[in-house]
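Heads up: the structure comes next, in C-alpha cells.
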Amino acid sequence: MHKATQQRFFELITTQSPLYKPQGNPINTYRELIHYRFKEVLLNAYPRFSRYLSEEAFETLVWDFIKGEPQTPYIWQMPDEFRHFVATTELPKSYPFINDLLWFEWIEIELFMKHYQPKKQQTFSWDKAVCLSESAVLKKLNFPVFHDEGLDQSGIYAVLVYYDFTTHEIHYRQITPFLHELLERFSEKTPKEALAEICSHYEVEPDEVIQLLQEPLQSFAAQQIIITKEV
C-alpha cells in the first residue's frame with residue numbers, strides 16, 4: 001500500500017492531470033515547485049537552446065521530461081539527461097542543429113564540474129607519449145553551434161573544448177579535421193607516429209606540416225590540454 005501511495009503521489013505531481021478541488025490543493029504547490037526548479041536549472045544550462053522555443057513550448061517540454069522520470073540524483077547532471085531526452089522528440093527534425101547545440105552547452109557544465117589536479121608546466125615533444133587531458137574534449141559537430149550564425153550550414157566542424165587553469169573558465173577552439181584526428185591518435189601512438197599515420201592518409205609529407213603544428217601543440221601542452229602519459 002505504501003509503495004502504491006508513493007507511486008500515486010509521483011503521478012500526481014509529475015503530470016498536469018486535473019485535480020479534485022484544485023484551489024488550495026497542496027499537490028498544486030508541489031507541482032509548481034518541481035516544475036519551477038527543473039525549468040530554472042534547464043534555462044541556466046541551455047540559454048541558447050531555450051531561445052528557439054516559445055515559453056509555452058519550453059514548459060511543455062519540461063513537463064514531458066519530468067514525466068519521463070529523470071534518474072540522476074544530482075541536480076547539476078539533470079541537463080545531461082534532458083539533452084538525451086530532447087534527442088528522442090520531434091525537435092531535431094525542426095532544428096537539425098539542436099543535438100549539437102545541446103552537447104556544446106552541456107560540455108561546458110561537465111568540464112567545469114570536474115575536479116582537476118593541476119600538473120607542473122609541460123613541454124611538447126614529438127617523441128614523448130602524450131594523451132588528451134581529462135580537462136579537454138574533442139568533438140566533430142555537424143553544425144557550427146559555437147556561434148549564432150549559419151547554424152543551418154551542415155558540414156564537419158571539429159572543436160576542442162577545454163578547461164583553462166588560468167582563468168578557470170571553459171573555452172573552445174575550432175580546429176582542422178587534420179589536427180582533430182592527430183589528437184585522437186595520441187592515446188595510442190607517440191605524436192611522431194600519429195603524424196606519420198595521418199600524413200599518409202592525407203597524402204602529405206610530415207616535414208610539410210610539422211613546423212605548423214609545433215606551436216599549437218606546445219600551447220596545448222602548456223595549457224594541460226595534452227599531458228605526458230604516466231608510465
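In this text, all values refer to a predicted model and were calculated from it rather than measured experimentally.
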* To do: May I ask you to check whether H171 and Y163 show a side-chain donor-acceptor distance below 3.5 Å?
  => no
* To do: Compare every heavy atom of W106 with every heavy atom of Q77, then report the nearest pair and how far apart it is.
  => CA-CH2, 4.0 Å
* Structure fact -> Between the CD atom in E208 and the CD1 atom in I210, the distance rounded to the nearest 0.5 Å is 12.0 Å
* Please step through side-chain contact (heavy atoms from CB on, under 4.5 Å) for the pair V209 and L195, ending with a clear verdict. => CA-CA 9 Å; V209 295; L195 181 64; 3.9 Å; yes
* Nearest-0.5 Å distance, NE2 of residue H84 to CG of residue N99 -> 10.0 Å
* Does R185 pair with E197 as a salt bridge, N-O distance under 4.0 Å? -> yes
* Answer yes or no: is there a side-chain heavy-atom contact under 4.5 Å between V137 and L111? => yes
* Identify the two heavy atoms, one from M78 and one from L42, that lie closest to each other, and give their separation to 0.1 Å. => SD-CD2, 3.7 Å
* To do: Verify the neighbour count for atom NZ of K93: are there more than 12 heavy atoms of other residues, nucleotides or ligands below 6.0 Å?
  => no
* Asked: Roughly how far apart are L61 CG and F85 CZ, rounded to 0.5 Å?
  -> 5.5 Å
* Asked: So which heavy atom on P191 is nearest to which on S125, and how close?
  -> CG-O, 3.7 Å
* Asked: Taking the side chain as C-beta and beyond, is there a heavy-atom pair between F49 and L91 under 4.5 Å?
  -> yes
* Between S94 and E90, do the side chains contain an N or O donor and an N or O acceptor separated by less than 3.5 Å? -> no
* Which heavy-atom pair separates Y46 from R83 by the least distance, and what is that distance? -> OH-CB, 3.5 Å
* Asked: For the atom pair CD (E134) and CD1 (I225), what is the distance rounded to the nearest 0.5 Å?
  -> 13.5 Å
* Asked: Which heavy atom of K140 sits nearest a heavy atom of E181, and at what distance?
  -> NZ-OE2, 3.6 Å
* **Polar side chain donor-acceptor pair, Y116 to Q224, under 3.5 angstrom** => no
* K139 side, atom NZ; I107 side, atom CD1 - distance, nearest 0.5 Å -> 8.5 Å
* Could you check if a side-chain atom of I226 sits within less than 4.5 angstrom of a side-chain atom of S133, using non-hydrogen atoms only? => no
* Does L141 belong to the same Ile/Leu/Val/Met/Phe/Trp/Tyr cluster as L183, with side-chain heavy atoms less than 4.5 Å apart forming each link? -> no
* **Exam field: side chain T60 to backbone E56, donor-acceptor pair closer than 3.5 Å** => yes
* Asked: F165, F124: one ILVMFWY side-chain cluster at the under-4.5 Å cut-off?
  -> no
* Establish whether W103 and V41 are linked, either directly or via other cluster members, by ILVMFWY side-chain heavy-atom contacts under 4.5 Å. => yes
* To do: Could you walk me through whether F97 and S154 pass the side-chain contact (heavy atoms from CB on, under 4.5 Å) test, one step at a time?
  => CA-CA 8 Å; F97 58 85; S154 63; over 6 Å; no
* To do: Report yes if some heavy atom in the side chain of E40 is under 4.5 Å from a heavy atom in the side chain of N44; otherwise report no.
  => yes
* To the nearest 0.5 Å, tell me how far L179 CG sits from E184 CD. => 10.5 Å
* Asked: Any donor-acceptor pair under 3.5 Å linking the side chain of K128 with the backbone of K229?
  -> no
* Asked: Would you find a donor on one side and an acceptor on the other, under 3.5 Å apart, between the side chain of Q122 and the backbone of A221?
  -> no
* Heavy-atom check, side chain of Y74 versus side chain of M113, under 4.5 Å -> no
* To do: Report yes if some heavy atom in the side chain of L101 is under 4.5 Å from a heavy atom in the side chain of Y52; otherwise report no.
  => yes
* To do: Identify which one of F143, Y95, Y157, F146 satisfies the side chain to side chain contact (heavy atoms under 4.5 Å, CB included) criterion when paired with D100.
  => F143
* Give the cluster check for F112 versus Y162: same hydrophobic cluster or not, with ILVMFWY residues linked at side-chain heavy-atom distances below 4.5 Å. => no
* Going through the distances and angles, do V161 and E108 end up as a side-chain contact (heavy atoms from CB on, under 4.5 Å)? -> CA-CA 8 Å; V161 188; E108 180 176 358; 5.9 Å; no
* **Side-chain heavy atoms of E105 within contact of P79, under 4.5 Å** => no
* Has the side chain of Q153 got a donor or acceptor atom that lies under 3.5 Å from a matching backbone atom of P144? -> no
* To do: Taking the side chain as every heavy atom from C-beta outward, state whether P96 and D152 have any atom pair closer than 4.5 Å.
  => no
* Asked: Taking a hydrophobic cluster as the set of Ile, Leu, Val, Met, Phe, Trp and Tyr residues connected by side-chain heavy atoms closer than 4.5 Å, whether directly or through intermediates, do V86 and I75 fall within one such cluster?
  -> yes
* Structure fact -> On a heavy-atom basis, the closest approach of L138 and H180 is CB-NE2, 3.7 Å
